[in-house]
Structures are given as C-alpha cells and as structure tokens.
Amino acid sequence: MISKGLPGFRDFPPEDFALRAHIFRVWREVAARYGFEEYDGPPLEPLDLYTAKSGDEIVGQLYNFVDKGDRQVALRPEMTPTLARMVGARANGMKKPIRWFSIPQLFRYERQQRGRLREHFQLNCDLIGEAGPLADAEIIALSIDMMRGFGLGPQDVRVRVSDRLFLSSALRQLGIADAMTPLVFQAIDRIEKNAAAAREMLDAHLDTVTVAGVFRLTDPAHRAELRRSISAATHFGAALNALDEMGFGEWIDFDPTIVRGLAYYTGTVFELFDAKRTLRAICGGGRYDTLLGSLGGADLPALGFGMGDVVLGELLKDRGLHPSVGASIDVFVAAVTPADVEHVLKLSHELRDAGLRVEFALNTQAVGKQLNLANARGARLAVVIGPDDRARGEVQLKDLVYKTQEAITDSSLASHLSSLVNDSRLTTPNG
RNA sequence: GUGCCUGUAGCUCAAUUGGUUAGAGCGCCGCACUGUGGCUGCGGAGGUUGCGGGUUCAAUCCCCGUCAGGCACCCCA
C-alpha cells in the first residue's frame with residue numbers, strides 16, 4: 001500500500017505541471033524584460049535564520065525539525081533572509097540598484113485551504129539599493145506586467161496600494177501617539193474582513209472621537225478625496241504619478257486599509273487581488289528599507305514582492321487562461337508488419353536526431369491502432385512503412401490534421417518533415 | 001490551533017425514510033478492423049462505499065473516533 005502524500009503538498013501530473021511550467025515561463029520572461037537576474041538558495045536553512053529577526057508571525061508556522069547532526073533546521077518559509085545573506089556578502093562590490101528575482105519553493109506548517117497549502121512556489125522580485133519613488137513604481141509596474149503576461153487586465157486584477165508613511169502621518173494628525181501606530185495598523189488591516197473586531201481593538205486603546213477618525217480615514221467613500229490630498233512632492237505621491245505615466249493608472253486603487261501583516265514594511269505597501277475578490281491575494285509586497293541592515297547584511301534600502309503560484313493558478317483556470325495540454329510528439333512512425341520495425345527504428349532515430357519529437361509503437365499493432373495512438377498523442381504527421389513501400393524505396397506520409405497522404409522517397413524525408421512541422425508549430429497555438 | 005460542512009470506480013454523479021450481488025455517463029483496455037486514424041456497435045477491467053469501531057436480523061445511509069478535502073476563524077507568503 002502506497003501511502004498518500006502529505007496534506008498540503010502537491011503532485012504535479014503532466015496536465016498540472018503544464019500550468020506550473022507556463023507560470024514559471026511567464027515569470028522569467030517578464031522579469032527579464034525589467035533587467036532582473038535569477039538567483040536561488042537552499043530550501044533548508046538553519047532555524048535561527050528565521051527566528052532571529054524576521055518577525056514572530058512566520059516563526060509560529062515554521063516547518064522545522066532537528067537533523068541527524070543535531071542541528072535545528074527549517075524548510076524556508078520565505079526568501080528574504082536568504083536574499084539578505086547573499087546580498088550582504090557581496091553588496092559592496094555590486095552595482096546598484098540590484099535587480100534580483102527567484103522562484104523558491106516555500107514551506108509553512110499550517111492548516112491548508114484553497115489557495116493556501118503547506119508548500120508553494122513563489123516568485124520573489126526585489127530591488128535593492130534605491131530609496132527613490134521610481135523604485136516603488138518600478139516594482140509595482142513589474143507586478144502588473146506579470147499579470148499582463150498571463151493575459152489578465154485591469155478588469156481581472158486590481159492593485160491596492162498604500163503607504164505606511166502616509167498612514168502614519170495621517171494617524172498623527174488624528175492625535176494618535178507614534179507608540180500606538182503598530183496596534184492601529186493591525187486594526188486597520190482587519191477592518192475590511194472583520195470591522196467589529198477592528199473597532200474593538202481600537203476602542204480598547206483610543207477615545208471614541210479618535211476611533212471615528214480612523215474609520216473615516218479608511219472609509220471607501222472618502223478615498224478619492226484622500227487620494228487628491230497626496231502631494232506629488234511626497235515619495236508616495238511621486239510613485240503613484242510615475243505609475244500613471246507608465247500607463248498603469250487604471251490598475252491602481254489607492255486603499256488605506258492595505259498595511260500588510262509583516263512588521264518590517266517601512267513605506268509603500270501593495271497587494272494584487274482578483275477583481276471579483278473570490279480568491280486570496282495574488283501578490284503582496286512593499287518597501288522594507290531597514291530590514292537588510294537589521295538582518296546583519298548590507299544596510300540598503302529595498303523593496304520587493306512575493307507572488308505565489310497557487311492563487312495565480314486558480315485564477316488562470318477560472319479565466320480559461322491556463323495552457324491546454326499540447327501535442328507530445330510531432331511525428332508517429334508506424335510499421336505495417338513486424339518486418340518493417342527495423343526500418344521504423346532507423347527512421348525514427350534519424351528524425352529524432354533532426355530535432356523532431358517522435359514516437360513509434362513498442363509492440364506489434366495493427367496500423368489502425370497505431371494511427372489511433374498517433375492521434376491521441378496529438379501528432380501532426382504519421383509515417384507508415386510497409387513491405388510495398390520499402391520495395392519502392394518510399395514511405396507513406398500522412399498529415400493527420402488535413403487527412404492527406406502522399407508517397408515520399410525515404411531519403412528526402414527528414415528535411416521534408418522538419419519544414420512541415422516547423423510551419424505547423426508557428427501556426428498552432430500551444431503546440 | 002478552533003468551529004461548521006463533505007468523503008461512493010481514474011473523473012462527474014446515482015443507489016426508495018437502513019433491505020438481495022453498490023449502478024450510470026465519460027475515460028481506460030479489448031473485439032468488429034491482418035496496409036490506414038478521431039465515428040459507431042459489442043464486450044472487459046476497475047470499489048474493503050476514506051479508515052477503524054459501535055447500534056441492528058441487516059449499514060453507502062444512523063452513532064463515535066480518526067484521516068483527508070472544503071468553508072469560516074487565527075494568521076498571512
């Protein structure tokens with residue numbers, strides 16, 4: 001009896017792997033367009049890499065254990081500490097800003113739900129060494145272009161953006177002490193999901209008038225007005241304007257309830273959601289100017305985002321934007337009689353050497369069955385070889401799509417097939 | 001970690017208020033079809049009804065436990 005896989009861990013049979021490969025491909029293509037270079041690190045790290053500074057939120061759900069050398073280790077729950085270590089070790093010699101991305105598999109020990117497993121792949125894009133607002137615009141633009149790369153538009157995905165500095169100063173104007181800011185952030189983070197709980201948190205620490213002020217600040221009805229109050233002279237205002245100029249204005253929703261849970265964000269924060277809001281966040285990120293220094297790496301301003309493959313995959317399936325499973329071969333080579341198999345083997349390998357994807361029957365089968373298999377594989381072409389053909393130095397070439405057949409001389413076959421297949425690859429989607 | 005809901009063939013679902021040997025469609029395999037494909041017809045394989053226990057003459061159905069999945073919390077990548 002083969003035991004089941006662990007809860008929250010996935011198998012990837014070919015039809016699922018195709019989606020994953022598609023997602024990775026788009027991630028890499030788009031990242032490359034922004035000049036980002038790919039890096040990676042170990043999936044298993046010393047436990048203290050995460051318990052040291054990263055924030056207690058993550059530590060509670062670490063997938064950790066003691067290895068055979070009595071070391072406390074953890075499967076990586078996030079990439080940032082690893083990134084900080086790598087950058088810290090070599091930042092002095094690197095031209096700034098640093099544009100790096102990675103697609104790590106991350107792990108968390110928590111109860112799974114749709115869009116949230118114990119393991120996922122997460123695109124991490126980070127821009128290190130630039131404090132100015134164009135860096136903020138650049139990283140948000142990158143996240144938006146990722147969506148465009150999958151065929152998603154502003155009607156599918158919304159980018160909700162805020163700025164912790166902006167929010168802090170707004171809270172200060174309400175008379176809230178700086179010491180209270182983290183708690184108020186936490187309450188604001190919950191307003192949308194559970195307004196009653198948020199109000200309870202605030203009521204416990206603030207007077208009624210101030211609480212009302214916080215709710216007014218985050219009220220969707222006042223958002224347009226609040227957005228107009230953000231001066232272009234501020235970092236946040238300049239970043240928003242830059243996104244407008246990049247042509248991404250219609251994706252952006254300024255939303256002061258976005259603060260994000262992680263304690264280390266220092267400025268811009270943003271999240272991407274599907275427009276129908278039926279799924280969890282597709283992407284989240286922000287500016288973390290003090291984190292790298294506090295982790296003991298280089299003291300550089302930085303910002304970045306993480307985008308998981310699970311929610312994104314759900315969204316692509318919902319919208320019919322996932323890749324269909326394409327043909328696995330170009331050509332099927334069929335033998336009419338056992339005496340033809342020798343010839344089939346020889347020809348098949350000539351075609352494989354020419355770069356074509358080729359399959360043939362591994363046992364003796366009627367020609368009809370072999371063609372049936374060719375169709376099931378999605379082959380564009382089939383070559384049928386029988387005793388009569390061999391006697392004439394020919395093979396029968398069938399086009400399985402157009403249902404045509406012609407005799408071809410054996411010697412000219414490889415180049416003939418290559419050109420046919422290359423044509424059809426250009427014109428067939430997902431081929 | 002907490003609460004609620006759901007587990008029947010590879011997939012989607014049936015099965016009379018508890019009643020004989022748990023069925024169907026799709027898919028898979030075979031045959032009609034020994035030199036020509038997607039159709040059609042016929043046939044076949046595939047189930048400890050998630051698992052364990054209990055109640056009962058009798059359990060897919062009721063009860064308990066457990067595991068898994070979904071939803072909401074918690075938290076957030």
Side-chain angles (χ1 to χ4, degrees), chain A residues 1 3-10 13 15 50 54-63 75-81 102-125 186 189-190 193-194 196-197 258-265 269 271-272 278-286 304-312 314 332 334-340 361 364-391 394-405 407:
Chain A
M1 182 66 184
S3 63
K4 292 178 177 175
L6 292 167
F9 285 77
R10 296 170 289 174
E15 61 271 25
Y50 305 110
S54 236
D56 298 333
E57 304 94 343
I58 279 169
V59 175
Q61 294 173 328
L62 273 174
Y63 216 114
L75 290 165
R76 60 186 174 195
E78 57 165 339
M79 200 56 176
T80 308
S102 188
I103 307 179
Q105 188 173 23
L106 304 179
F107 304 87
R108 294 201 144 184
Y109 197 90
E110 62 181 352
R111 191 156 167 182
Q112 70 160 319
Q113 290 182 36
R114 186 185 185 203
R116 176 182 182 170
L117 307 171
R118 287 184 171 176
E119 149 274 316
H120 74 150
F121 291 93
Q122 186 189 63
L123 171 69
N124 274 246
C125 295
Q186 210 182 334
D189 194 27
R190 300 178 72 174
K193 243 188 165 175
N194 191 342
I258 297 293
V259 296
R260 299 194 47 75
L262 291 177
Y264 57 62
Y265 288 113
V269 283
E271 296 185 347
L272 273 59
T278 57
L279 301 169
R280 293 161 196 285
I282 300 163
C283 170
F305 66 78
M307 181 184 294
D309 70 316
V310 182
V311 174
L312 179 59
E314 298 278 355
F332 193 97
V336 175
T337 70
D340 303 311
T364 304
Q365 288 182 341
V367 176
K369 281 191 72 84
Q370 295 183 67
L371 292 175
N372 211 323
L373 182 57
N375 280 313
R377 298 293 199 232
R380 165 73 193 282
L381 300 168
V383 174
V384 180
I385 303 174
D388 300 346
D389 308 299
R390 282 193 289 122
E394 292 176 349
V395 299
Q396 298 295 325
L397 174 61
K398 294 179 71 70
D399 187 314
L400 295 171
V401 175
Y402 295 107
K403 306 186 181 197
T404 57
Q405 176 166 337

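These values consider heavy atoms only, across backbone and side chains, with no hydrogens, waters or symmetry-generated copies. Residue numbers begin at 1 in each chain, while the letters A, B, ... track the order of the sequences.
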Going 5' to 3' through nucleotides 69-74 of chain B and flagging B where a protein heavy-atom sits under 4.0 Å of the base, S where only the sugar-phosphate is that close, and - otherwise, we get SBSBBB
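Within 4.0 Å (heavy atoms only), A:G386 reaches at least one base atom of the nucleic acid. In this structure, A:N124 reaches neither bases nor backbone, as no heavy-atom distance under 4.0 Å exists between it and the strands shown. Residue contacts for A:L400: at a heavy-atom cut-off of 4.0 Å it reaches a base atom on one of the strands shown.
Rounded to whole Å, the P atom of B:A32 lies 46 Å from the corresponding atom of B:G70. Remark: the separation of the P atoms in B:G3 and B:U49 is 29 Å, to the nearest Å. Distance check on atom P: B:C28 versus B:G35 gives 25 Å, rounded to whole Å. Nucleotides B:A24 and B:C71, compared at atom C1', are 30 Å apart to the nearest Å. Comparing the P positions of B:C42 and B:U20 gives an interatomic distance of 28 Å, to the nearest angstrom. As rounded to the nearest Å, B:U34 and B:G38 have P atoms that lie 14 Å from one another. Between B:C61 and B:U48, the distance separating the two P atoms is 15 Å to the nearest Å. Nucleotides B:C62 and B:C5 are separated by 13 Å at their P atoms, to the nearest Å.
The number of heavy-atom neighbours closer than 6.0 Å to OH of A:Y109, taken from other residues, nucleotides and ligands shown, is 12 or below.
Using a 4.0 Å cut-off between a side-chain N of Lys or Arg and a carboxylate O of Asp or Glu, A:D399 and A:R380 qualify as a salt bridge.
Not a single donor-acceptor contact under 3.5 angstrom links the side-chain atoms of A:N372 to the base of B:G37. Counting atom types as modelled, A:Q370 pairs no side-chain N or O with a base atom of B:U36 as donor and acceptor under 3.5 Å.
A:R390 has its CZ atom 13 Å from the P atom of B:G35, to the nearest Å. Whole-Å rounding puts the A:Q365 CD to B:C33 P distance at 17 Å. Atom CZ of A:R118 is separated from atom P of B:C76 by 18 Å (rounded to the nearest Å). Atom P of nucleotide B:C76 and atom OH of A:Y265 are separated by 11 Å, given to the nearest angstrom. Rounded to whole Å, atom C1' of B:C75 lies 14 Å from atom NE2 of A:H120. Rounded to an integer number of Å, the gap from NZ of A:K369 to C1' of B:C31 is 9 Å.
Where pairing requires Watson-Crick or G-U contacts shorter than 3.5 Å, the helical stems of RNA chain B with at least three consecutive pairs are B:1-7 with B:67-73, B:10-13 with B:23-26, B:28-32 with B:40-44, B:50-54 with B:62-66.
Pairing each heavy atom of A:A335 with each of A:V367, the nearest pair is O-CG2, 4.2 Å.
At a threshold of 4.5 Å between non-hydrogen side-chain atoms, the residues A:I385 and A:R390 count as touching.
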